[in-house]
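See structure below.
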Amino acid sequence: MQPKPATDVASTLARLRHASDKTSTAFPQTTWTKVSGPGPATYVLNSWGGFNGLALERGQDLVVRCALDLPTSVGGVELVGDALEATFISHYPSVVTHDGRALFADEGVPIAAGPALFTVVPRLKAGANGEIVVRLRMPDNQVCNSCNLVLTTPRLRARAEVLDVLWSELWWCQQLATTPTDRALLTQAAAVIPESLAEPSTTQLEAVLERMEAMLAPFSARAKATAVHLIGHSHIDMNWLWTWPDTVGVVKRDSVSLVAMMADYPELTFSHSQPATYEILRTERPDLFASVKQLIAEGRWEPMTMQWVEGDTNMASGEATARHLLEGVWYAREVLGSGTSTYHAPDTFGHAGNLPQLVASAGGTRYYHH
């Protein structure tokens with residue numbers, strides 16, 4: 001494994017990004033056969049986890065199966081002996097099994113719980129590795145072609161991760177470089193990255209990472225002086241693609257999960273919006289509501305409740321928005337015993353020009369949007 005000649009950092013970053021992305025999607029495409037339901041007789045599950053040509057119809061379950069016949073390796077990474085893992089997300093109640101053994105089952109609205117990660121096969125072997133069956137249970141009220149199943153292994157993930165870390169650290173130091181000396185050091189560090197990123201083993205790439213990190217050590221103090229904030233928050237669509245009872249179930253389920261998680265991880269802090277969802281807890285799960293209020297009092301749970309719900313901000317009038325703000329701020333003060341100063345709009349497609357003025361008038365100091 002020979003280092004490549006010194007070259008510009010940008011091209012090295014581009015090669016690393018491409019190699020990491022390619023490894024992340026290196027698991028072989030699989031062919032699935034329809035057992036029952038609408039659509040074509042077969043589907044191909046692509047590298048990004050989508051079923052090509054997925055056809056769903058209201059009120060009709062779709063059941064597909066796949067006989068796992070796998071090679072010994074892919075992209076230079078050994079599959080045999082590794083675990084087969086899956087990340088699954090669907091807009092609809094779904095069941096996933098392997099050789100009749102349940103891997104995932106959710107009768108509610110799975111997307112509200114986020115992606116599910118589970119092991120399909122604990123230890124892969126060459127050739128046949130059993131059969132996966134996916135059942136999508138379609139409601140009568142609507143349909144949206146959304147189902148994603150990503151297959152991978154720990155070794156594939158480990159290789160993608162070391163490539164991603166190589167890219168991330170080189171990119172970050174590029175942002176910190178301000179002097180000719182900095183840029184010369186950056187070029188020297190980029191030169192230790194092999195020209196071909198497909199040939200080295202993961203262990204060899206880890207050695208390259210150690211060497212590059214040693215060369216970039218002069219950037220360490222500046223890098224560590226930069227604060228990075230990871231802010232956990234929830235966003236629950238009140239009635240998007242599901243009914244009001246689904247919304248109630250999602251609010252209660254997610255709140256149970258978060259309160260339990262915050263008990264396990266005392267350092268965890270969290271933010272949650274929409275007084276309408278807190279009101280569900282207050283009326284239907286007063287015990288859970290009391291736990292949430294205690295977390296708010298401790299400063300670990302921030303109520304981002306400036307607006308009653310995360311409503312549309314394109315069509316609503318200024319008067320309607322003002323009343324939303326009035327209800328949200330009142331609820332935080334009188335019911336939750338807390339102030340609220342963050343306007344939370346992570347899933348709003350467009351923002352009215354008068355919102356900053358209205359939010360500031362209601363005591364808002366931050367505007368979070370996507």
Side-chain angles (χ1 to χ4, degrees), residues 1-29 46-50 70-87 115 117 124 126 148 150-231 370:
M1 184 180 65
Q2 296 297 321
K4 68 179 182 63
T7 185
D8 67 289
V9 176
S11 65
T12 303
L13 287 168
R15 291 189 303 103
L16 285 168
R17 183 75 272 141
H18 175 75
S20 177
D21 292 344
K22 186 176 180 180
T23 304
S24 298
T25 57
F27 194 85
Q29 291 188 346
N46 61 42
S47 300
W48 296 100
L70 302 174
T72 58
S73 64
V74 60
V77 177
E78 189 79 9
L79 297 182
V80 174
D82 216 358
L84 174 61
E85 298 176 338
T87 303
L117 173 66
L124 287 170
N148 193 264
V150 177
L151 300 175
T152 188
T153 70
R155 289 176 189 156
L156 281 170
R157 287 192 291 104
R159 184 175 183 83
E161 181 177 344
V162 69
L163 287 165
D164 196 51
V165 172
L166 278 163
W167 177 88
S168 300
E169 294 191 359
L170 188 63
W171 178 87
W172 183 229
C173 289
Q174 183 189 46
Q175 312 311 306
L176 297 173
T178 57
T179 67
T181 301
D182 287 343
R183 288 186 281 273
L185 182 59
L186 204 62
T187 300
Q188 293 170 17
V192 307
I193 308 297
E195 186 66 37
S196 173
L197 292 168
E199 296 173 3
S201 66
T202 302
T203 301
Q204 289 173 319
L205 287 173
E206 289 171 344
V208 171
L209 175 61
E210 290 182 8
R211 184 180 175 193
M212 187 188 77
E213 287 179 334
M215 297 178 69
L216 295 175
F219 290 96
S220 178
R222 276 175 281 172
K224 291 179 179 178
T226 303
V228 178
H229 300 278
L230 302 179
I231 302 173
H370 238 268

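Note that the structure is predicted; figures quoted are calculated from it, not measured.
Atom-to-atom distance recorded for T187:OG1 and M215:CE is 10.0 Å, nearest 0.5 angstrom. Distance CG/D82 to CZ/R157: 8.5 Å, rounded to 0.5 Å. Summarising the geometry, atom CZ belonging to R211 is positioned 11.5 Å from atom CG belonging to L216; distances are rounded to the nearest 0.5 Å. Interatomic distance, E85 CD to L151 CG, rounded to the nearest 0.5 Å: 10.5 Å.
R155 places a side-chain N or O within donor-acceptor distance of the main-chain N or O of E78, the cut-off being under 3.5 Å. Checked by atom type and distance alone, the side chain of S24 pairs as donor or acceptor with a backbone atom of S20 at under 3.5 Å.
Across every non-hydrogen atom of P194 and P200, the tightest pair is CG-CG, 4.0 Å. V9 approaches A190 most closely through the heavy-atom pair CG2-CB, 4.2 Å. Taking all atoms of both residues into account, the shortest heavy-atom contact from V74 to A26 is CG2-O, 3.0 Å. Annotation for T202 and R159: closest pair N-NH1, 3.3 Å, computed over non-hydrogen atoms. The minimum heavy-atom distance linking A126 with V80 is given by the pair N-CG2, 3.7 Å.
Checked against side-chain contact (heavy atoms from CB on, under 4.5 Å), P71 has the following partners two or more places apart in sequence or in another chain: P28, L79. Under the rule for a side chain to side chain donor-acceptor pair (under 3.5 Å), Q174 has no partner lying at least two apart in sequence or in another chain. Among residues two or more places apart in sequence or in another chain, the side chain to side chain donor-acceptor pair (under 3.5 Å) test is passed with T23 by none. In terms of the side-chain contact (heavy atoms from CB on, under 4.5 Å) criterion, residue partners of T25 (sequence neighbours excluded) are, by chain and number, S47, W48. Under the side-chain contact (heavy atoms from CB on, under 4.5 Å) criterion, D182 pairs with A177, T178, T179, F219, R222, sequence neighbours left out. Residues forming a side-chain contact (heavy atoms from CB on, under 4.5 Å) with A10 (at least two apart in sequence, or on another chain): D8.
Of the candidates L197, I193, L186, I193 is the only one forming a side-chain contact (heavy atoms from CB on, under 4.5 Å) with T12.
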Ignoring hydrogens and angles, write down the donor-acceptor pairs under 3.5 Å from the side chains of residues 160-173, residues two or more places apart or on other chains.
unit_1, atom_1, unit_2, atom_2, d
D164, OD1, R17, NH1, 2.9
D164, OD1, R17, NH2, 2.8
S168, OG, D164, O, 2.8

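Residues P218 and L185 have side chains in contact (heavy-atom distance under 4.5 Å, counting atoms from C-beta outward).
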